[in-house]
Number of protein chains: 2
Amino acid sequence: MAAVSRQTVSNAVNSPHLVRADTLERVRAVIAQVGYRPHRAARTLRTRRSHLLAVPLQPPTDTIGGSVLDQFLHSLTVHAQAQDNRVLLFAAEDDDREIALYDELLDDHDVDAFVLTGTHRNDRRTEWLAGRGAVFVTFGRPWGADAHHGWVDVDGAAGTFAATMDLIERGHRRLAFLGWPDGSGVGDDRRFGFDRACAQAGISITGWRLSVVNELAAGRAAGAQLLDADEPPTAIVCVSDTLALGVWTELTARRLQPGRDVAVVGFDDTPTAAVIGLSSVAQPLNEAAMACLRMLTDVLSDPADGPPDPVLLEPRLTSRASSG
Amino acid sequence: MAAVSRQTVSNAVNSPHLVRADTLERVRAVIAQVGYRPHRAARTLRTRRSHLLAVPLQPPTDTIGGSVLDQFLHSLTVHAQAQDNRVLLFAAEDDDREIALYDELLDDHDVDAFVLTGTHRNDRRTEWLAGRGAVFVTFGRPWGADAHHGWVDVDGAAGTFAATMDLIERGHRRLAFLGWPDGSGVGDDRRFGFDRACAQAGISITGWRLSVVNELAAGRAAGAQLLDADEPPTAIVCVSDTLALGVWTELTARRLQPGRDVAVVGFDDTPTAAVIGLSSVAQPLNEAAMACLRMLTDVLSDPADGPPDPVLLEPRLTSRASSG
DNA sequence: GTGAAAGCGCTAACAT
DNA sequence: ATGTTAGCGCTTTCAC
């Protein structure tokens with residue numbers, strides 16, 4: 001026994017500076033010896049802090065890009081754990097139901113903060129959370145509206161810029177971009193990087209910018225269309241691995257070899273890309289998760305400050321056989 | 001106000017049968033009106049039940065099969081939520097560290113139960129949990145040892161049996177199986193279904209059973225080896241979508257069309273398979289998640305009973321272009 | 001069937 | 001710097 005009051009133990013754990021050094025040491029020794037660990041529910045009840053981070057799980061999509069959030073979530077879990085926080089999952093079918101869950105999570109579980117993914121235009125979720133005064137970060141920019149909250153995102157334009165520049169340096173001059181229809185935020189951003197690289201290199205891109213939905217078949221059809229043009233492109237930058245895989249499929253069907261005959265680059269660096277040798281732009285998901293956590297820690301420790309500065313991370317081009 | 005004691009409210013919520021009907025109705029009306037919801041930490045502190053399910057997150061792999069656990073986790077979250085339970089994530093680098101976390105989760109968070117995935121031979125985790133008397137289920141059989149716990153799994157052999165039979169019915173007689181090296185449990189099980197189907201149809205498989213690691217390049221090389229045989233197979237059943245994709249790659253490189261020239265079937269029905277038109281065996285992940293939850297509910301409500309009966313679910317063959 | 005008392009394990013506030 | 005008191009919100013137990 002350390003022969004001290006319960007309170008001194010609490011102080012030793014939570015506010016070591018209040019305890020004299022030798023007492024602290026003695027208490028810590030006993031804590032280690034008996035393996036004492038404070039009970040979370042009791043602590044939460046008293047402090048209104050649960051050390052829980054709530055994360056909404058997106059419904060799994062049937063595209064190959066699903067693994068992106070998977071990696072982010074894993075990283076978030078690992079690093080939250082290292083700070084004595086845990087990740088609590090929830091799932092909602094639409095924004096309204098998700099908001100109802102926020103309310104419940106906040107009231108019942110005393111959840112400390114939220115990490116949202118998949119932000120979109122006119123996202124009512126962020127509005128609601130901000131209005132309620134909840135602590136949260138989004139992985140993804142607040143497209144459209146001004147940010148009244150902290151966010152972390154990956155600079156998609158920088159990614160496609162790097163990919164396009166790489167192709168130009170490899171000698172390509174007839175470049176195409178295969179993107180998503182206008183208005184998707186992420187898609188517009190990525191196209192912008194391509195445009196900027198071409199402009200900088202003085203390359204015209206008339207007629208070589210196609211927009212299709214994010215499905216392999218659509219990518220394949222678009223690839224066919226590009227290849228059938230009078231002066232077909234020698235390199236195709238794609239907004240996603242799914243579309244790149246579509247182009248890939250069309251190339252191999254025509255007995256053309258990706259990389260040797262026509263260069264293809266995707267985006268997201270999914271396992272599929274790695275597996276088939278498709279060059280792709282990789283998001284730094286570990287860094288993104290850590291930036292989210294750092295931001296939350298800052299806000300939680302100093303709630304008075306305004307929204308924290310956003311963090312925009314640079315993606316990294318992974319060159320594989322399909323770059324030529 | 002309902003003008004009743006705090007206790008009556010508690011009873012109305014937790015033990016409605018103790019409260020007279022009209023009182024119950026009155027209390028419920030007020031609860032709905034003021035939006036009262038009990039505070040979880042307080043309840044947990046009193047009852048030692050957190051309504052939390054802890055799930056270890058596997059590190060993301062670089063194979064296309066990662067989405068399988070993703071879907072399972074989503075389903076688990078959705079259905080747990082419907083029963084007023086939540087999913088708490090954690091991550092560990094190895095079994096020993098994972099066990100240390102169990103201990104912490106049990107003591108500090110009063111976690112009600114665990115759902116483990118990725119069971120393997122001599123899994124110390126299940127031993128430890130059983131020894132500690134914790135409630136848990138595994139998604140995955142207890143390979144090797146006898147089961148002293150509830151488990152849910154998918155009948156891999158039935159999946160490859162169905163896939164093989166389907167090919168036989170389509171007229172194939174020269175069938176090959178591309179599997180993993182012996183001893184992996186899951187892999188052995190899936191190979192067994194192929195063997196059984198061939199035996200049942202009186203088909204010899206000498207020389208057409210290859211085992212390689214789960215990588216695209218390995219699958220491709222194995223595919224090449226099979227195609228170069230004196231009498232090459234007309235159909236190849238693969239233990240995974242990754243290996244099937246390897247075979248696919250080799251086929252298209254040889255200007256052979258999967259399905260028309262040689263049939264290929266994978267396992268796990270990953271998004272990649274759907275996207276490229278690869279036939280594959282799909283695990284019923286929704287059912288698996290629900291079975292896990294049902295099992296846990298049973299054990300939690302009646303801890304006295306022995307381990308519950310295991311559940312073995314039938315997978316479903318999804319035929320696409322690659323079946324011919 | 002309903003109410004009152006006690007206490008789960010912890011920490012904020014205050015007293016020493 | 002340490003100890004004491006009170007109370008977070010709930011439910012188990014017991015009295016009525």
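Note: CG (B:Leu45) to P (D:dT12) measures 12 Å, nearest angstrom. For the pair B:Asp110 CG and C:dG9 C1', the computed distance is 11 Å after rounding to whole Å. Distance NE2 (A:His17) to P (D:dA1): 10 Å, rounded to an integer number of Å. Here the P atom of nucleotide D:dC10 and the CZ atom of A:Arg40 are 21 Å apart, to the nearest Å. C:dC10 atom C1' lies 13 Å from atom CD1 of A:Ile31, rounded to whole Å. Atom-to-atom, NE2 of A:His39 to P of C:dC8 comes out at 12 Å; the value is rounded to the nearest Å.
The phosphate of D:dT2 (OP1 or OP2) has a side-chain N or O of A:Arg20 nearer than 4.0 angstrom. Distances shorter than 4.0 Å separate some side-chain N or O of A:Arg43 from OP1 or OP2 on C:dT11. Distances shorter than 4.0 Å separate some side-chain N or O of B:Thr8 from OP1 or OP2 on C:dG3. Contact annotation: A:Arg48 reaches the phosphate of D:dG9 (side-chain N/O to OP1 or OP2, under 4.0 Å). Regarding contacts with the backbone of C:dT2, a side-chain N or O of B:Thr23 is found under 4.0 angstrom from either OP1 or OP2.
When each of B:Leu18 and A:Ser15 is assigned the nucleotide of DNA chain C with its nearest heavy atom, B:Leu18 is the one assigned upstream, toward the 5' end. Ranked by how close their nearest DNA chain C nucleotide is to the 5' end, A:Arg46 and B:Asp22 are led by B:Asp22.
Among the protein residues, A:Asn11 comes within range of no part of the nucleic acid, since none of its heavy atoms lies under 4.0 Å from any strand. Here A:Arg37 lies in heavy-atom contact (under 4.0 Å) with sugar-phosphate atoms only.
Listed nucleotides D:dC10, C:dA12, C:dT2 differ in distance to A:Thr47; the shortest reach to its side chain belongs to C:dA12.
A salt bridge is defined here as a Lys NZ or Arg NE, NH1 or NH2 lying under 4.0 Å from an Asp or Glu carboxylate O, and B:Arg141 with B:Asp155 fails to meet this definition. Ionic pairing of A:Asp96 and A:Arg124 is present here: one or more N-O contacts between side-chain nitrogen and carboxylate oxygen are shorter than 4.0 angstrom. Electrostatic pairing of B:Glu287 and B:Arg294 does not count as a salt bridge here, judged by no charged N lying under 4.0 Å from a carboxylate O. The pair B:Arg86-B:Asp112 fails the salt-bridge criterion, with no side-chain N (NZ, NE, NH1 or NH2) lying under 4.0 Å from an Asp/Glu carboxylate O.
A donor-acceptor pair shorter than 3.5 Å cannot be found between the side chains of A:His79 and A:Asn85.
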